[in-house]
Amino acid sequence: MSLENEDSTAPAAPSDFIRDIVAAHVAKQKYPRIHTRFPPEPNGYLHIGHAKSICLNFGIAREFGGICNLRMDDTNPAKEDIEYVESIQADVNWLISAWADDQLGLKAKGMSPETLAEDGKRDFYLPAATQADREQRQGENFEPFYASDYFDQIYDYAEELIEKGKAFVCDLTPDQTDEYRRNGLESPFRNRTAEENLDLFQRMKAGEFADGIRTLRAKIDASAPNIWLRDPLLYRIKHVEHHQTGKKWCIYPMYDFAHCLSDYIEGITHSICTLEFEVHRPLYDWILESLALPRPLPHQYEFARLALGYTVLSKRKLMQLVDEHLVTGWDDPRMPTICGIRRRGVTAQALRNFAYNIGITKYNGITDVSVLEFAIREDLNKRSQRRLAVLRPIKIVITNFPEGKVEELDATNNPEDETAGKRKVPFSRELYIERDDFAEVPPPKFFRLKPGGEVRLKYAYIIKCEEVVKDASGNLMELRCTADLDSKMGGATSARKVKGTIHWVSAAHAVDAEVRLYDRLFTVAEPDADGDFKKHLNPHSLEVITAKCEPCLKGATVAERYQFERLAYFALDLDAQPGKLVFNRTITLKDAWAKEAQKK
RNA sequence: UGCCCGAUGGUGUAACGGUAGCACAGCAGACUCUGAAUCUGUUUGUCUAGGUUCAAAUCCUAGUCGGGCAACCA
């Protein structure tokens, strides 16, 4: 199964309270078309929590024939960077590829909102170019939307609010503003005239004042029970260059002011965000309703953000892991970032299935990592090429197999997919097997190789361990075995049952590979429960070993996924080079034996 | 403290006044040239107290517990 093709066994479209709302709107034909958006701030890398949101927003667009805009919510240039803009685009494209490309809304590069007049009212609108539009308009370049695309329009809206007496310029210091708002007191500057406010606001824009000297505030209700209605800030002065607009602006709109207006300008119908914005919703509505906007208004809906066991998902903490070199970078395969997960070998399909499986609610729970792990295994089981590789080798010699003889044995590439075909694996007198597959003193229920015992070599012969060779200090050197030479596929005794089957690699043909064995980054389910997540870093989250691989793995590619039989799923890392194989262990196979052995 | 939101097995979710279901995890078994996968079976749940109703996980009231907000961050 190709990585690019969509998995036809993906779960049916889910149902949740937000989709129920959208479905009701579709039934009532409330909007001509459903339009969502994914609006990250480019101040960090996207992680699996964002993946949940991406799957929700693009999923809704997919299921209801709508569009989902990708928008950079870039209203705070002090914290944002073009590096993040680029990584966000790459991660979103990867996650929705071959799934929701058709729903991705972009804009023609450099395009600003059109100024329209509707019902005699001024209106700003920036339509999305869908995949179909983009195909028609070849030669044009397309890019994500940016909140900063609308700075002119947002500024206009601010002036409109001032003219309507719904906003004022405030001279209180940040500390004073806090105190007044906390105590529900009106700013002494609250009742300036529209003319004075307009003049001051224009001078703020012109750069007459230093940072923090003045703000533009909404005039709502200084003593409202909801703090976000206590004359919230709309604009602040920041003499900072912006990664998109350069030096054009020294005042920047706050999130609350910019976000609802960006949604409106893009024609968003359903503005879906996480629970912490719930208390902002009245402000979102107030701003839009205070302006005379001719088109249907967007509405905000909130859902619970993802919390995952054994993981931290806050940008600040992830940034700390990177900055303090506790991981190798944002795309370290141990990171819960989308790029880290991708590098580790997880497919976009697996991530999407996970997002579907966990559902959407307003309940703040912690999802067990086993749900993620299941989605990864389920996906990889279906698509992985099976290969033989030995992680911790011990040598065995088949004493009744002629020296120098090489047999090419048939091996199944993927038992879950007949079209994957077969390959040849070389067999010879000297082999490597896994250290764990031999026990001199076998524990109970040990089905593998033991002195005098028999085991099947996968795709090859049944062998019997005749002799354990040790060096002077008692270290295990090699095993000398005999093979039942009639027991291979098609042979006279091929149907003989032995309890265990183990993997192996021909010593002379083995290819070395660097193998990175990843484990969870933290040792406890809630790393930040005591406020000191770094204390719980797993010292064994990465182990690097050299494995012995069957020769066909020389041709491994980054696009392919592999299962080293009986061990785990692996993906070629981007550190691999011609002649140097590097594999990441994406996830182990389930291991019932490990569980059994632990019971003792 | 004020305001807002939430609560269904171990975990995540469904049931929209009428049989508490699904997934993961767990356990037991079957099958197996992967101790994987697959298949079968199975343990475990409506926060508490009142009320409305023939009937409440669902509606109402109060409480308990949990989360969020109270940045010139988003």
RNA chain B: 5'-proximal contact among A:R214 and A:K590 (nearest heavy atom) = A:K590

NA contact type, A:G365, heavy-atom cut-off 4.0 Å: base, sugar-phosphate, or nothing?
-> sugar-phosphate

Does the base of B:C16 carry an N or O that pairs as donor and acceptor with the side chain of A:D20 under 3.5 Å?
-> yes

State the pairing partner of B:A57; accept Watson-Crick or G-U wobble contacts with both distances under 3.5 Å, and report none otherwise.
-> none

With rounding to whole Å, what would you report as the distance between B:G66 and B:C72 at their C1' atoms?
-> 32 Å

How far does the P atom of B:A20 sit from the matching atom of B:C47, given to the nearest Å?
-> 15 Å

Both distances under 3.5 Å, Watson-Crick or G-U wobble: report the partner of B:C22, or none.
-> B:G12

With the side chain defined as heavy atoms from C-beta on, A:P174 is closest, among B:C33, B:A74, B:C72, to B:C72

Between A:F277 and A:Y255, how do the two ring planes meet: parallel, tilted or perpendicular, split at 30° and 60°?
-> tilted

Checking N1-N3 plus N6-O4 or O6-N4 for Watson-Crick, or N1-O2 and O6-N3 for wobble, each under 3.5 Å, the partner of B:G6 is B:C65

Can we call the ring centroids of A:Y569 and A:Y562 under 6.0 Å apart?
-> no

Going by atom types only, do A:N413 and A:K422 share a side-chain donor-acceptor pair under 3.5 Å?
-> no

May I ask you to check whether A:Y301 and A:F17 place their ring centres under 6.0 Å from each other?
-> no

Please determine, for B:G45, whether a Watson-Crick or G-U wobble partner exists with both distances under 3.5 Å, and give it or none.
-> none

With C1' as the reference atom in both, quote the distance from B:U42 to B:U34 in angstrom, rounded to an integer.
-> 26 Å

Nearest to the side chain of A:E565 - B:U34, B:G6, B:G26?
-> B:U34

Checking only heavy atoms, does the side chain of A:H280 share a donor-acceptor pair with the base of B:A70 at less than 3.5 Å?
-> no

Under 3.5 Å: donor-acceptor pair, side chain of A:R37, backbone of A:I272 | yes

Write down the distance separating the C1' atoms in B:U43 and B:G26, rounded off to the nearest Å.
-> 8 Å

Are A:T173 and A:Q176 linked by a side-chain donor-acceptor pair shorter than 3.5 Å?
-> yes

Whole-Å C1' distance, B:U32 and B:A57 = 43 Å

Please work out which of the three classes, parallel, tilted or perpendicular, describes the rings of A:F570 and A:F564, given edges at 30° and 60°.
-> parallel

Nearest-nucleotide wise, let me know which of A:W593 and A:G359 is further upstream toward the 5' end of RNA chain B.
-> A:G359

Residue matched to B:A37 through Watson-Crick or wobble contacts both under 3.5 angstrom | none

Euclidean distance for C1', B:U19 against B:A37 (whole angstrom) = 34 Å

Determine, answering yes or no, if A:F447 is stacked on B:G35 under the 5.5 Å centre rule and the 30° plane rule.
-> yes

Classify the nucleic acid contact of A:K238 as base, sugar-phosphate or nothing, counting any heavy atom under 4.0 Å across all strands shown.
-> sugar-phosphate

Using a heavy-atom cut-off of under 4.0 Å over every strand shown, decide if A:T75 touches base, sugar-phosphate, or nothing.
-> sugar-phosphate

Same-atom distance (P) from B:G63 to B:A55, integer angstrom = 26 Å

Do A:D263 and A:Y284 have side-chain atoms, one donor and one acceptor, less than 3.5 Å apart?
-> yes

Looking for any heavy atom pair under 4.0 Å, which part of the strands does A:T361 touch: base, sugar-phosphate only, or nothing?
-> sugar-phosphate

B:G10 and B:G50, which share atom name P, separated by this distance in whole Å | 24 Å

Between B:G6, B:C73, B:A37, which one does the side chain of A:E41 approach most closely?
-> B:C73

No-hydrogen, no-angle side-chain donor-acceptor test under 3.5 Å, A:E407 and A:Y461 | yes

Tell me which nucleotide among B:A71, B:A37, B:C4 gets nearest to the side chain of A:E278.
-> B:C4

Could you tell me whether a side-chain N or O of A:T412 sits under 3.5 Å from a main-chain N or O of A:N414, the two making a donor and an acceptor?
-> no

Mind checking who B:A70 pairs with, Watson-Crick or G-U wobble, both distances under 3.5 Å?
-> B:U1

How is A:M254 classified with respect to the nucleic acid when contacts are heavy atoms under 4.0 Å: base, sugar-phosphate, or nothing?
-> sugar-phosphate

Contact list for RNA chain B against residues 454-462 of chain A - heavy-atom distance below 4.0 Å = A:R456, A:K458, A:Y459, A:A460

Among the nucleotides B:A36, B:A71, B:A74, which one has an atom lying closest to any side-chain atom of A:K79?
-> B:A71

Check every atom of B:U34, B:G2, B:C69 against the side chain of A:V279 and return the nucleotide holding the closest atom.
-> B:C69

Closest to the side chain of A:K445, out of B:A74, B:G35, B:C24, is B:G35

